[in-house]
Amino acid sequence: MSYDFKTVEKKWQKYWEYKKLFKTEEKSDKKKFYLLEMFPYPSGKLHMGHARNYVIGDTLSRFFRMNGYNLLYPMGYDAFGLPAENAAIKNKINPEKWTDECINTMMEQQKKLGLSYDWDRMVVTAKPDYYKWNQWIFTKFFDKGLAYKKKAPTNFCPKDQTVLANEQVIDGKCWRCQTTVEVKELEQWFYKITEYAEELLNDIEKLTGWPERVRIMQRNWIGKSEGLSVNFPIKDSGKKIEIFTTRPDTLYGVTFMTFAAEHPLVLELVNNTEKEKEVKDFINKIVIQKRITRLEEKEKEGIFTGKYAINPLTGDEIPIYVGNFVLMEYGTGAIMCVPAHDQRDFEFAKKYNIPIKEVIQPQSIAQSSTPMNTGRDLSQRADTPSDGRPLSSAYVEEGIMLNSQQFNGINSKEAIIKISDYVEEKKIGKRVVHYKLRDWLISRQRYWGTPIPIIYCEKCGAVPVPENELPVLLPNDVEFTGEGNPLSKSASFINCKCPKCNSESRRETDTMDTFVDSSWYFERYCDPKQDKFPFSKEKVSYWMPVDQYIGGIEHAVLHLLYSRFYTKALRDLKLLDYNEPFNNLLCQGMVVKDGFKMSKSKGNVVSVDEMIDLYGADTARLFILFASPPERDLEWSDEGVHGCFRFINKVWNMAQNIKQCKIQNAECKIDGEINKDIERLRNFTIKKVTIDIQKEFHFNTAIASIMEFYNELISKQSSLSHESFKICIETLVILLSPFAPHICEEIWQLLDHSNSIISEKWPTWCEEKLKQNEITIAVQVNGKLRGQIDVNIGLSEQEIIGFAKSNEKIKKYILDKKIIKTIYVPLKILNIVVGG
RNA sequence: GCCGGGAUGGCGGAAUUGGUAGACGCAAGGGACUUAAAAUCCCUCGCUCUGUAUGGAGCAUGCCGGUUCAAGUCCGGCUCCCGGCACCA
């Protein structure tokens with residue numbers, strides 16, 4: 001009789017749900033464990049990437065449950081977002097209805113996979129009982145100055161018709177639709193994530209349970225650099241230019257300055273000069289160029305403004321340029337240029353024939369050369385170095401200072417400190433820190449998101465909606481035409497009264513970035529029905545931080561950084577009292593087929609539904625976990641799935657044998673040698689599976705060892721006592737149950753157990769039983785494997801060596817040779833080194 | 001360019017602190033059962049040479065070198081692939 005997975009899987013899914021076996025216990029003496037998977041956007045179709053994520057999580061959840069943890073394992077939906085709105089435009093369906101339908105089909109698919117969530121805690125971010133708290137938190141942030149509005153150049157996606165946060169621009173393109181973004185000057189809402197830049201950076205240290213690459217990515221994204229801000233006076237003008245440098249040791253080597261094209265001072269400088277037109281044309285050219293060729297490496301280009309600045313340390317006059325390689329967004333938008341010690345400046349100087357002044361020499365050259373050459377000044381040209389050394393590139397390493405007045409002769413590293421001190425002392429600049437991290441732009445000009453709870457009043461300005469008026473609900477009198485934000489055309493939504501002065505006012509029509517929704521959903525799971533606060537402090541204090549978070553690497557900066565920021569900001573609002581949301585993070589690899597990520601356009605998509613239909617959830621789960629370790633990419637193979645299907649069926653058939661075995665093997669003794677061997681293997685398998693799951697989540701090797709156990713069991717079947725056989729099958733089924741829960745429940749029942757296997761305790765192993773009397777030792781001669789000997793573990797080293805030497809296979813290699821030495825690694829290997 | 005990660009049979013992947021390379025699975029080949037197919041079961045399976053006493057010898061973990069009795073694992077130098085960042089002053 002073959003295994004009817006369809007009936008069995010449905011049966012147990014119903015049973016689990018009916019018995020509420022996955023319900024979270026609120027009060028428990030057990031140790032808590034919060035296991036979380038990144039919740040999905042409800043697109044309506046579960047793809048293999050989702051399935052992999054959840055199967056990894058679910059297997060862990062079942063493992064931890066059986067190991068006696070009080071588990072929180074929830075699921076929800078990141079339900080706001082563009083696809084729903086686009087569907088509304090296309091199919092003339094309400095986005096909410098569309099989303100709800102998608103959630104239902106997705107949930108059904110998840111249930112079919114046998115995932116053991118506590119569905120009572122489901123969080124749907126698009127529901128007013130959730131987004132109300134988004135708004136509530138926004139107003140708290142607003143009160144604290146963490147939410148603010150400003151006019152700024154934004155990343156605008158022309159296809160999605162909305163702005164994007166910096167983190168959502170990947171390679172100059174929209175993260176969602178891959179359209180090249182444009183720069184648009186707009187007044188928008190921001191969250192002040194930069195206020196937490198330093199803490200976000202420092203606390204990365206503490207995230208020891210995170211993959212190193214994610215920590216590095218976050219560190220780079222925050223991009224801290226410490227340096228010096230210096231004011232350079234402009235010649236014949238009362239003005240000064242502020243620049244930022246991380247290399248104060250090169251201050252004496254400055255031979256020109258360069259402004260970003262967008263720098264406001266540039267136009268002021270050239271106004272009413274003969275350079276005006278030339279410079280303006282240049283600026284226009286590169287502003288356009290910048291937008292088009294954002295990614296390609298451009299040749300350095302610039303133009304002289306006709307103006308000079310004064311190096312405040314040397315008094316030297318230095319020309320001011322406008323250049324295409326200076327960023328307005330970073331530092332001050334103007335830089336001092338030291339061609340001798342910066343490769344970009346070097347290239348620029350060579351191109352425009354600007355002097356190169358060397359102020360740092362490599363240690364080796366500084367030592368060998370005769371008394372310090374101080375003649376390298378503005379008259380020196382790049383291609384005519386004073387001491388004959390060819391200058392083919394900038395020297396950016398540390399070295400010995402020269403041409404730097406009182407700092408000559410010291411190490412440049414030391415000079416950084418001394419010159420910084422000197423600059424501060426002279427009050428021409430000060431030490432500063434810059435970050436690459438920008439504030440988080442949360443405004444979106446779309447309908448299907450959390451309305452930003454702000455009212456604009458002529459008299460009172462931007463006023464937050466008071467708590468008792470929250471939530472600001474999304475209106476229904478809207479049309480989805482695809483043009484502009486529907487909210488801005490909804491009269492019922494826009495028109496309102498000022499909460500302060502009650503005069504006719506206008507409501508903010510921007511909605512929030514959906515990453516706001518996902519920045520605290522994991523806290524809501526701890527207290528999903530709470531209606532006084534986003535969540536109670538008591539409950540989050542019990543469950544948070546998340547003990548194990550599982551998700552894709554694509555959120556390494558986006559979601560994971562925002563969530564960290566939120567946690568810190570909510571902590572400062574006294575809503576919670578921990579610093580980091582996720583203790584351990586597992587980033588699973590992609591699911592690929594024929595070498596590519598599964599996608600519709602590649603036509604290599606394998607449907608989850610179809611897999612379950614064809615082979616059942618247990619087989620699908622087993623394959624997903626068996627094919628590769630979780631952090632690596634998973635190469636989909638239909639044949640591989642079939643192999644797992646075979647294994648499931650083999651286990652099923654073996655379990656059917658149990659009754660027959662009782663009659664057949666009546667005379668087999670439980671303490672016979674074979675039973676002892678199998679008992680040793682049983683213990684070994686428990687140990688292997690337990691450690692593999694727990695330590696590195698290496699499900700693939702855990703499953704392999706279960707298969708080995710099966711193979712041995714089936715081959716010894718006829719000589720095992722009924723008791724041994726039964727104990728072994730029970731162990732095997734328990735060990736297999738986190739991976740393939742349905743069939744294991746069914747077999748468990750078949751073995752006359754009345755409880756669910758879920759409530760069964762995870763087995764333990766006995767070290768004593770792992771010991772063997774006899775062991776195989778590999779024997780090498782001069783490091784080459786020449787034979788194997790079976791020895792009693794009680795033998796001494798000398799006895800083993802003697803035994804090896806008398807072995808027929810070994811003999812011929814050591815015959816007539818002088819034994820130089822022997823190396824014996826206890827119970828493993830013996831190496832006999834011979835000479836001659 | 002910089003920063004990560006990786007490279008092991010035909011394939012996915014295993015290999016404690018350096019200690020029998022290739023576990024487990026897939027594919028392939030051979031056989032059994034069957035009218036046949038599917039399913040199932042049994043055997044073989046890194047490469048080369050040698051050979052039939054069903055054994056033997058050599059070579060093998062991207063490449064080149066080193067350390068060691070012993071290297072997939074450690075050290076030095078490369079090559080290629082994947083990911084992230086990218087004029088960040």
Minimum-distance nucleotide to Thr245(A) side chain [options: C69(B), G25(B), A89(B)]: A89(B)

Is the Phe626(A)-Phe739(A) ring centre distance short of 6.0 angstrom? no

Quick one: does Lys828(A) reach the base of U17(B) with a side-chain donor-acceptor pair under 3.5 Å? yes

If you take the centroid of each ring, where Trp contributes its six-membered ring, are Tyr615(A) and Phe5(A) closer together than 6.0 Å? no

Arg219(A) side-chain N/O to C3(B) phosphate OP1/OP2 under 4.0 Å: no

Do Asn220(A) and C85(B) share a donor-acceptor pair, side chain to base, under 3.5 Å? no

Find the partner of A21(B): check Watson-Crick (N1-N3 plus N6-O4 or O6-N4) and G-U wobble (N1-O2, O6-N3) distances, both under 3.5 Å, and reply none if neither fits. none

Taking pairing as Watson-Crick or G-U wobble with both contacts under 3.5 Å, can you name the mate of C41(B), or confirm there isn't one? G31(B)

Taking a pair to mean Watson-Crick or G-U wobble geometry with both distances below 3.5 Å, C74(B) pairs with G66(B)

Kindly point out which of G25(B), A14(B), G19(B) is positioned nearest to the side chain of Asn831(A)? G19(B)

Describe the nucleic acid contact of Lys650(A) in one word from base, sugar-phosphate, nothing, applying a heavy-atom distance below 4.0 Å. sugar-phosphate

His642(A) side-chain proximity, nearest of G19(B), A39(B), C3(B): A39(B)

How are the rings of Tyr3(A) and Trp652(A) set relative to one another: parallel (under 30°), tilted (30 to 60°) or perpendicular (over 60°)? tilted

Counting heavy atoms from C-beta on, name the nucleotide in A89(B), C26(B), C69(B) closest to the side chain of Arg646(A). C26(B)

Which base sits across from G46(B) as a Watson-Crick or G-U pair, both distances under 3.5 Å? C59(B)

Of the nucleotides C24(B), C26(B), G58(B), which one has an atom closest to the side chain of Glu639(A)? C26(B)

For the side chain of Arg632(A), starting at C-beta, report the closest nucleotide among A89(B), G13(B), C26(B). G13(B)

Between G12(B) (C1') and Phe626(A) (CZ): distance, integer Å: 9 Å

Which one, C26(B), A89(B), A14(B), comes nearest to the side chain of Asn700(A)? A14(B)

Whole-Å distance, Arg247(A) CZ to A89(B) P, equals 11 Å

So what's G10(B) paired with, Watson-Crick or G-U wobble, going by both distances under 3.5 Å? C26(B)

Can you measure Tyr710(A) atom OH to U40(B) atom C1' for me and round it to whole angstrom units? 11 Å

Would you indicate, yes or no, if C59(B) has its OP1 or OP2 atom less than 4.0 angstrom from a side-chain nitrogen or oxygen of Lys784(A)? yes

Atom CD of Gln780(A) and atom C1' of U68(B) are separated, to the nearest Å, by 12 Å

It should be established whether Ser225(A) places a side-chain nitrogen or oxygen under 4.0 Å from OP1 or OP2 of nucleotide A89(B). yes

Arg564(A) and Gln218(A): side chain donor to acceptor below 3.5 Å: yes

Which one, C85(B), A89(B), G19(B), comes nearest to the side chain of Asp171(A)? C85(B)

If you check the Ala627(A) side chain, which of C69(B), U40(B), G12(B) turns out closest? G12(B)

Shortest non-hydrogen separation from Glu242(A) to Thr332(A) and the atoms involved: O-OG1, 2.7 Å

Mind checking whether Phe647(A) and Tyr710(A) have parallel, tilted or perpendicular rings, split at 30° and 60°? perpendicular

From the set C41(B), C24(B), C69(B), return the single nucleotide nearest to any side-chain atom of Glu708(A). C24(B)

Identify the nucleotide, in any strand shown, that forms a Watson-Crick or G-U wobble pair with A53(B), with both distances under 3.5 Å; if there is none, say none. none

Within a strict 4.5 Å, meaning less than it, do heavy atoms of the Glu205(A) and Arg219(A) side chains meet? yes

For G4(B), give its Watson-Crick or G-U wobble partner with both distances under 3.5 Å, or none. C82(B)

Once you round it to whole Å, what is the distance between P of C41(B) and CG of Asn653(A)? 8 Å

By the rule that syn is within 90° of 0, classify the base conformation of G9(B) as syn or anti. syn

